[in-house]
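Below is one structure, written out as structure tokens; comments come after it.
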Amino acid sequence: MNGLQFDPARPLDLIAVGRLCIDLNANETGRPMEETMTFTKYVGGSPANIVIGTARLGMRTGFIGKLADDQMGRFIRTYLQKNGIDDSQVSVDRTGAVTGLAFTEIKSPQECSILMYRDHVADLLLNTEEISEDYIRSSKALLISGTALAQSPSREAVFLALEFARKHKVTVFFDLDYRPYTWTSAAETAVYYNLAAEKCHCIIGTRDEFDMMEGLYNLVGADDQATAARWFSHQAELVVIKHGGSGSISYTADGQSHRSGIYPAKVLKTFGAGDSYASAFIHSLMNGDSVGEAMRRGSASASIVISRHSCSDAMPTLEELGAFLRTNEEIKLTSGAQ
């Protein structure tokens, strides 16, 4: 129904690899960070949020990553375990690296920003020796995100994971997750993003993220269909291009396209929408739903999360997602600001 294949004999549904960090979300909303005095701590990082979201929806999940040997690292591990995420492949750094921190500012539903601390973080020290071929072979799907490609040795670890996935016919999702402050140049970013995307079956990103990738080749102003077609010439079966408040469009390798708008929501913040969309979208695809239905469920999950204070803690359960969809079943998805 959606062009992606998943081996039903694998014990794990989805493994994510990459960033594990801490979100510190402002408690005093409606004001700049300079005036914010208290924050609430959550587990963060795009691949972490996505795998937490899929676990909440009932999937059997695991994570490959690296934690700092500190209180924040132990907080993250405990949280993964509480959410039923296998942490057997989450190692601990012993070199003195720290846990990445993301302070969030919520001036208004439209004005949100993130102040990141990413120097000498443990997650980017994941190395090739910590990538288990057997572990990747045990999963139906692998999720990677762009941030893990930003530095060595994490970069090489991700490419090894991609090779093991290809060898054992593990379906690969690539959440582009472009964070400029982690990279040294636009050219470096585009090179490694393009190399990774060539090995992935489903690529999910914003129009701006795809523009960044195409800028290296002077493909300025490429339209969505041309962007998708480029990846179908490699390994992709599905390309999702998000346009913020205007919704998203998905292209499949058989030439079809699917558009989806957004559900109305009482927006508290903007961050977390992409991760929550991806978690429900991936869950739906892996359960055999059509691309259109997966997009609908992704949009519903995003609307739930942007109305709540956190990203990871806000991820809906299957019951919550179903209740939201039933409540809003008469609402036609719309484009435009939420």
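Hydrophobic clustering (ILVMFWY, side-chain heavy atoms < 4.5 Å, transitive): Phe75 and Val92 are in distinct clusters. Ile114 and Val267 fall into different hydrophobic clusters, defined by Ile, Leu, Val, Met, Phe, Trp and Tyr side-chain heavy atoms under 4.5 Å apart, directly or through other members.
The OG1 atom of Thr327 lies 10.5 Å from the OH atom of Tyr263; values are rounded to the nearest 0.5 Å. With values rounded to the nearest 0.5 angstrom, Ile15 atom CD1 is found 4.5 Å from Ser138 atom OG. Distance check: Ile76 CD1 to Leu20 CG gives 5.5 Å after rounding to the nearest 0.5 Å. Of the inter-residue distances, the one linking Ser108 atom OG with Leu268 atom CG reads 10.5 Å to the nearest 0.5 angstrom. Rounding to the nearest 0.5 Å places CG of Leu24 at 14.0 Å from CD of Glu105.
Taking 4.0 Å as the cut-off between side-chain N and carboxylate O, Arg296 and Asp289 do not count as a salt-bridged pair. Taking the charged nitrogens against the carboxylate oxygens, Asp123 and Lys66 have no contact shorter than 4.0 Å, which rules out a salt bridge. With respect to the salt-bridge test (charged N to carboxylate O, under 4.0 angstrom), the residues Arg207 and Asp211 qualify. Electrostatic pairing of Asp7 and Lys169 does not count as a salt bridge here, judged by no charged N lying under 4.0 Å from a carboxylate O. Ion pairing of Asp23 with Lys41 is absent here, as no side-chain N (NZ or NE/NH1/NH2) approaches a carboxylate O to less than 4.0 Å.
For Ser301 against Ser276, the heavy-atom pair with the smallest separation is OG-O, 3.1 Å. Between Arg230 and Tyr217, the shortest heavy-atom distance links the atoms NH2-CE1, 3.4 Å. The nearest pair of heavy atoms linking Ala196 to Ile144 is CB-CD1, 4.3 Å.
Proximity of a side-chain donor or acceptor of Asp87 to a complementary backbone N or O of Val90 within less than 3.5 Å is not detected. Proximity of a side-chain donor or acceptor of Ser132 to a complementary backbone N or O of Gln89 within less than 3.5 Å is not detected. In this structure, Glu209 contributes its side chain and Tyr178 its backbone to a donor-acceptor pair below 3.5 Å. Of the possible polar contacts, none joining the Thr38 side chain to the Asn27 backbone as a donor-acceptor pair under 3.5 Å is found. The backbone N or O of Gly205 lies less than 3.5 Å from no partner atom in the side chain of Lys242, so there is not a single donor-acceptor pair. A donor-acceptor pair is defined here as one N or O able to donate and one able to accept, closer than 3.5 Å; no such pair exists between the side chain of Ser139 and the backbone of Ile136. Side-chain atoms of Thr317 never come within 3.5 Å of backbone atoms of Leu57 as a donor-acceptor pair (strictly under, hydrogens ignored). Between the Asn49 side chain and the Asp275 main chain, no donor and acceptor come within less than 3.5 Å of each other. Distance alone, capped at 3.5 Å, is enough to place a donor-acceptor pair between the Asp70 side chain and the Met72 backbone. Between the side chain of His309 and the main chain of Ala26, a donor-acceptor pair closer than 3.5 Å is present.
With no hydrogens or angles considered, no side-chain donor-acceptor pair links Thr61 and Thr54 at under 3.5 Å. When only modelled atom types and interatomic distance are considered, Glu237 and His201 share no side-chain donor-acceptor pair under 3.5 Å. For the residue pair Ser284/Glu293, the side-chain donor-acceptor check at 3.5 Å is not satisfied. Side-chain contact annotation: His258 with Tyr251, donor-acceptor N/O pair under 3.5 Å absent. Using modelled atom types, one finds a donor on one side chain and an acceptor on the other under 3.5 Å when comparing Asp254 with Thr252. For Thr128 and Glu156, the side-chain atoms include no donor-acceptor pair closer than 3.5 Å. Counting only N and O atoms by type, the side chains of Asp175 and Ser145 include no donor and acceptor under 3.5 Å apart. Thr147 and Arg19 form a side-chain donor-acceptor contact under 3.5 Å, judged by distance and modelled atom types alone. Under the 3.5 Å distance criterion, with hydrogens and angles disregarded, a donor-acceptor pair is assigned to the side chains of Glu130 and Ser91. If you check the side chains of Thr182 and Gln151, you find no donor sitting under 3.5 Å from an acceptor. For the residue pair Thr40 and Asn25, no side-chain donor N or O sits within less than 3.5 Å of a side-chain acceptor on the partner. For Thr206 and Asp208, the side-chain atoms include no donor-acceptor pair closer than 3.5 Å.
For the pair Arg155 and Tyr192, the distance from NZ or CZ to the six-membered ring centre is under 6.0 Å and the angle to the ring normal is within 45 degrees.
More than 12 heavy atoms of other residues, nucleotides or ligands sit less than 6.0 Å from atom OH of Tyr79. Taking a 6.0 Å sphere around CZ of Arg74, one finds it holds more than 12 heavy atoms contributed by other residues, nucleotides or ligands. Within a 6.0 Å sphere centred on CG of Asp119, heavy atoms belonging to other residues, nucleotides or ligands number 12 at most. Enclosure of atom CD in Glu28 by more than 12 non-hydrogen atoms of other residues, nucleotides or ligands within 6.0 angstrom is indicated.
When ring centroids are compared, Phe164 and Tyr135 stay outside the 6.0 Å threshold. If you look at Trp183 and Tyr193, their ring centroids are closer than 6.0 Å.
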Set out, in order, the CA-CA distance, both residues' side-chain angles and the distance that settles side chain to side chain contact (heavy atoms under 4.5 Å, CB included) for Ser257 and Gln225, then state yes or no. CA-CA 9 Å; Ser257 63; Gln225 191 166 2; over 6 Å; no
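No side-chain heavy atom of Pro47 sits less than 4.5 Å from a side-chain heavy atom of Val51.
For the salt bridge (Lys or Arg N to Asp or Glu O under 4.0 Å) test with Glu320, the passing option among Arg297, Arg308, Arg326, Arg56 is Arg308; the others fail.
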